[in-house]
Structure formats: structure tokens, C-alpha cells
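First the proteins, then the strands, lettered A, B, ... as listed; each starts at 1. Since the structure is predicted, the reported quantities are computational estimates derived from the model, not experimental observations.
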There are 2 protein chains.
Amino acid sequence: MKDSLHLSEQVCFPVYVLAKEIINQYRPLLEELELTYPQYLVMLVLWEHEEQTVNQLGEKLKLDSGTLTPLLKRMEVKEFVTRNRSKIDERLVHIALTQKGKALKEKATCIPTQLMESMNLSSDDLLNLKNIITKILKK
Amino acid sequence: MKDSLHLSEQVCFPVYVLAKEIINQYRPLLEELELTYPQYLVMLVLWEHEEQTVNQLGEKLKLDSGTLTPLLKRMEVKEFVTRNRSKIDERLVHIALTQKGKALKEKATCIPTQLMESMNLSSDDLLNLKNIITKILKK
DNA sequence: CGAAATTAAATTGTACACAATTTAATTTAA
DNA sequence: TTAAATTAAATTGTGTACAATTTAATTTCG
């Protein structure tokens, strides 16, 4: 029987390396916006939805409050978002964009293109990759 | 012009989610071996090579000494590896398997299969995914 | 040779990521 | 209706990641 305990046999390892590589490619681009990659993901959601609870963000980004709470506090310090406990249901905390946060979208418009270039990806590969992963994650 | 600042448009986000999902699927399997996923990767390398410097591990796993040094110290505490500074070149630290570390390979043999099952992946999807990523990372 | 450059690990500091627990508020069901 | 169950955030603790710096050893070169 074949021994599959070899790094070269692993499928998961390339995924793990690629994910890190992508974040590393984003880093210099996002540095100019004073954002980390997870913080950028939060901004993507808020640029679409304006206001979200911590849980809603967590569901969309697959992150729990243990990760999001301190992350959002850092974004609050940078004045990109506000954090307000709901009056109607005090368990909820609403995260909303500040003016500064909204304005940041302008500076971010070029990032997707820049990233594509810096990773040197064809849109074919990209679409292909996205389709497989989406298929796998859907299960 | 199309606005690509939408989470659903992102290619990188699914990669990021998949990588986390894979590690989460590994977690309960690796817990029985008292290993984290990055520690498991170190073991994969050492099961193949017996002895490696910190740098050699770092090149294979794409991790730097800032990550590896504390990680390897934890593995040393668990008595899976030894850390010994080279006599010939005292800048190098050799990482080697202990008997306990070698023995752990037995318990790990079933992990690749178990993971495939827990992620519910067809070998087609898997191979496809691996090929695309390898192609992308090669650039 | 011996100073300068390079290399390898370790260290320091910041920021995730997640399990497990805690706290507080809201639902639910007896 | 109020005690039990559930829910939402926050907290605590462990373990990556990685940039930047430091320390010490080895090479390289003038």
C-alpha cells in the first residue's frame, strides 16, 4: 500500500501555502490603507452593507467573536468603523463605517487589479481555481 | 467599469476560507497525536528526512525562524524532536526525530484517508485543485 | 590577515485564529 | 410568569505568522 505521508503528496499543503502567499501579496498593497487582510475583508462586507452585527460579519467571513472583537476594536481605534451596542437587543453590537471608512473605498478600487498583476495570474486560472474551491466548500 | 470590491468577486477569499477549513478538519485528527497542523507538517518533513536544519524546514514549509523556533521548542517539550546546535557550523540548529517522534508515524498513517473522508472530497477534485495551485505557485 | 558582508537562529512586537469559558440579555416553555 | 435554555459578545489562553531587529558565527575580499 502506498504511503501518503509525504509532503509532496499532500493536497492541503499547497492550499495552505497559497493562502499565505496571497495574504503576503496583499500586504504591501493594504499597508497603504492601514489595513491587514482580515480587516480588508471586513471593509469589503461593510462597503456592501453599511452596517453589520459582529455575528453577521462572522458568518460571512467565517470568523468568530474571539477573532473579530479585538480586530474590530483595532479598526475602531483607526476610526474606520464604529461599534455600538443595539438599543433593541443589547446582546448585539452594530459595526458601521465612519466617513473615513467610507472614503477608504476610493483608495481600494485599484487593489483587485494590482493583486492580479502582482500574482501574475491569468483570469482563466483564477476562475478555474475559484470554481473548484467553491464546489469543495459547498459540500 | 465593473466594481470588483465585492466579497463574492474575490478569488482570494475562497482560498483563505478553504485553507482554514482544511486546518479545522485536521484539528480533531491531529489532536490525538498532540500535534497542530504546522507541527504535523514538520513531522511530515522529518519522517522523510530524519534530520533538518531550521532553515531547511523553513524552505520546505515556507515558514521563517520567527515561526519555527518557538514551534520547534514546543515540539521538543513534547519530546517529538531534538534541537542541537551543529558542532561544525554553530549558526545551524539540527532538528531530529526522537524515538517517540519516529513512532508517531504509525499513528499518523490513517490521517490522509480520514481527512479525505471528513472533507468529502473526490480524488478528481483534489487532483484538479492541486494541479491549479501548483501551477499558480510555480510562477 | 582582518574588517566588512553575509548567514542562521533567536528575539521582540503586532495581529490573527480558534477552543473554551464567561457575562449579560433575550426566548422558551413548563 | 419565571426558571431554564439559548444567543451574542467578550474574555482567556494557546499557537501560529511575519516584519524587524539582534546576536553570534562564518565567508568574502581588499
Undergrad: So, is B:R83 near the phosphate of C:dA9, with a side-chain N or O under 4.0 Å from OP1 or OP2?
TA: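 Indeed not, no polar side-chain atom of B:R83 lies that close.
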Undergrad: I want to verify a distance call: between C:dC18, D:dA10, C:dA9, whose nearest atom is closest to the A:L63 side chain?
TA: C:dC18
Undergrad: With respect to the side chain of B:V93, which nucleotide from D:dA9, C:dC18, C:dA10 is positioned closest?
TA: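 The answer is C:dA10.
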Undergrad: So which heavy atom on A:G101 is nearest to which on A:W47, and how close?
TA: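 Scanning both residues completely, I find the closest heavy atoms to be O-NE1, 3.1 Å.
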Undergrad: Think A:K73 has a side-chain N or O under 4.0 angstrom from the OP1 or OP2 of C:dC16?
TA: no
Undergrad: Does A:N55 place a side-chain N or O at less than 4.0 Å from the phosphate oxygens OP1/OP2 of D:dT7?
TA: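 For A:N55, the contact criterion (side-chain N or O under 4.0 Å from OP1 or OP2 of D:dT7) is not met.
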Undergrad: Return the nearest nucleotide to the side chain of B:R91; candidates are D:dA24, D:dA9, D:dC18.
TA: D:dA24
Undergrad: When you get a sec, tell me which of C:dA17, D:dC18, D:dT26 is the closest nucleotide to the side chain of B:E90?
TA: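 Nearest listed nucleotide: D:dT26.
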Undergrad: Is B:S65 close enough to C:dT11 that one of its side-chain N or O atoms is under 4.0 Å from OP1 or OP2 there?
TA: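 No, no such contact exists.
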Undergrad: Starting at CG of A:L41 and ending at C1' of C:dA15, how long is that distance when rounded to a whole Å?
TA: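 Distance check: A:L41 CG to C:dA15 C1' gives 14 Å.
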Undergrad: Taking atom P of C:dC18 as reference, at what distance in whole Å does atom CG of A:L71 sit?
TA: 12 Å
Undergrad: Within the pair A:Y16 and D:dA17, is there a side-chain N or O less than 4.0 Å away from OP1 or OP2?
TA: yes
Undergrad: Which heavy atom in A:L41 sits nearest to a heavy atom in A:L61, and how many Å separate them?
TA: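 Between these two residues, the closest heavy atoms are CB-CD2, 3.8 Å.
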Undergrad: Quick one: which of D:dC18, C:dC16, C:dC18 gets closest to the side chain of A:K20?
TA: D:dC18
Undergrad: Taking the nucleotide of DNA chain C with the closest heavy atom to each, which residue, A:P70 or B:V54, is nearer the 5' end?
TA: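 Checking each residue's closest nucleotide, the 5'-ward one belongs to B:V54.
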Undergrad: Specify the residue among A:Q56 and A:N24 whose closest nucleotide of DNA chain D lies further upstream toward the 5′ end.
TA: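 With A:Q56 and A:N24 compared, the 5'-side residue is A:Q56.
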Undergrad: Categorize A:T36 for me: base, sugar-phosphate, or nothing, with a 4.0 angstrom heavy-atom threshold over every strand shown.
TA: sugar-phosphate
Undergrad: Could you let me know what C:dA30 is paired to, Watson-Crick or G-U wobble, both distances under 3.5 Å, or none if it's on its own?
TA: D:dT1
Undergrad: Would you say C:dC16 has OP1 or OP2 under 4.0 Å from some side-chain N or O of A:R74?
TA: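 Result: yes.
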Undergrad: Apply side-chain contact (heavy atoms from CB on, under 4.5 Å) to residues A:K78 and A:Q39 and explain how you reach the verdict.
TA: CA-CA 11 Å; A:K78 287 182 203 146; A:Q39 289 170 12; 3.1 Å; yes
Undergrad: For B:L7 and A:K60, which heavy atoms make the closest approach, and how far apart are they?
TA: CD2-O, 4.1 Å
Undergrad: Taking A:S65 for its side chain and A:L68 for its backbone only, find out whether a donor-acceptor pair lies under 3.5 Å.
TA: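 The answer is no, because no donor-acceptor pair under 3.5 Å joins these two groups.
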Undergrad: For a quick check under 3.5 Å, do B:Q25 and B:S118 share a side-chain donor-acceptor pair by atom type?
TA: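 Yes, side-chain donor-acceptor contact under 3.5 Å.
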Undergrad: When hydrophobic residues are tied together by side-chain contacts of less than 4.5 Å, even through go-betweens, does A:L137 share a cluster with B:Y26?
TA: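 Looking at the clustering, B:Y26 is in the same group as A:L137.
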Undergrad: Select base, sugar-phosphate, or nothing to describe what A:D89 touches, counting heavy atoms under 4.0 Å on all strands.
TA: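 If one applies the 4.0 Å heavy-atom cut-off, A:D89 turns out to touch the sugar-phosphate alone, with no base involved.
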Undergrad: Closer than 4.0 Å, any side-chain N/O of A:T69 to the OP1 or OP2 of D:dA10?
TA: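 So the side chain of A:T69 is within the cut-off, an N or O lying under 4.0 Å from OP1 or OP2 of D:dA10.
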Undergrad: Send over the distance from B:Y26 OH to C:dC18 P, rounded to a whole Å.
TA: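 Computing the B:Y26:OH to C:dC18:P distance gives 16 Å.
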Undergrad: Does A:R85 have a side-chain nitrogen or oxygen under 4.0 Å from the phosphate oxygens OP1 or OP2 of D:dA8?
TA: no
Undergrad: What's the closest nucleotide to the A:Q39 side chain, out of D:dC18, C:dA15, D:dA9?
TA: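 Per side-chain heavy atoms of A:Q39, the pick is C:dA15.
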Undergrad: To the nearest angstrom, how far is A:E31 atom CD from C:dT14 atom P?
TA: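 Spelled out: CD on A:E31 to P on C:dT14 is 15 Å.
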Undergrad: Rounded to the nearest angstrom, tell me the gap between atom CE in B:M75 and atom P in D:dG15.
TA: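 It is 12 Å, rounded to the nearest whole Å.
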Undergrad: What does A:L72 touch in the nucleic acid at a heavy-atom separation under 4.0 angstrom: a base, only the sugar-phosphate, or nothing?
TA: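 A:L72: no heavy atom of the nucleic acid under 4.0 Å.
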Undergrad: Taking the side chain of A:L92 as its heavy atoms from C-beta onward, which of C:dC16, D:dA9, D:dT26 lies nearest to it?
TA: D:dA9
Undergrad: How long is the line joining CD1 of A:I95 and C1' of D:dA10, in whole Å?
TA: 12 Å
Undergrad: If only side-chain N and O atoms of A:Y37 are considered, is one of them under 4.0 Å from the OP1 or OP2 phosphate oxygen of D:dA17?
TA: no
Undergrad: Using a heavy-atom cut-off of 4.0 Å across all strands, would you classify A:L35 as base, sugar-phosphate, or nothing?
TA: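 Nothing, no nucleic acid heavy atom in range.
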Undergrad: To the nearest angstrom, how far is B:H94 atom NE2 from C:dA10 atom P?
TA: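 Atom-to-atom, B:H94 to C:dA10, this comes out as 12 Å.
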Undergrad: If I take atom CG in residue B:D64 and atom P in nucleotide C:dA9, what distance separates them, rounded to the nearest angstrom?
TA: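 Going from CG in B:D64 over to P in C:dA9 covers 12 Å.
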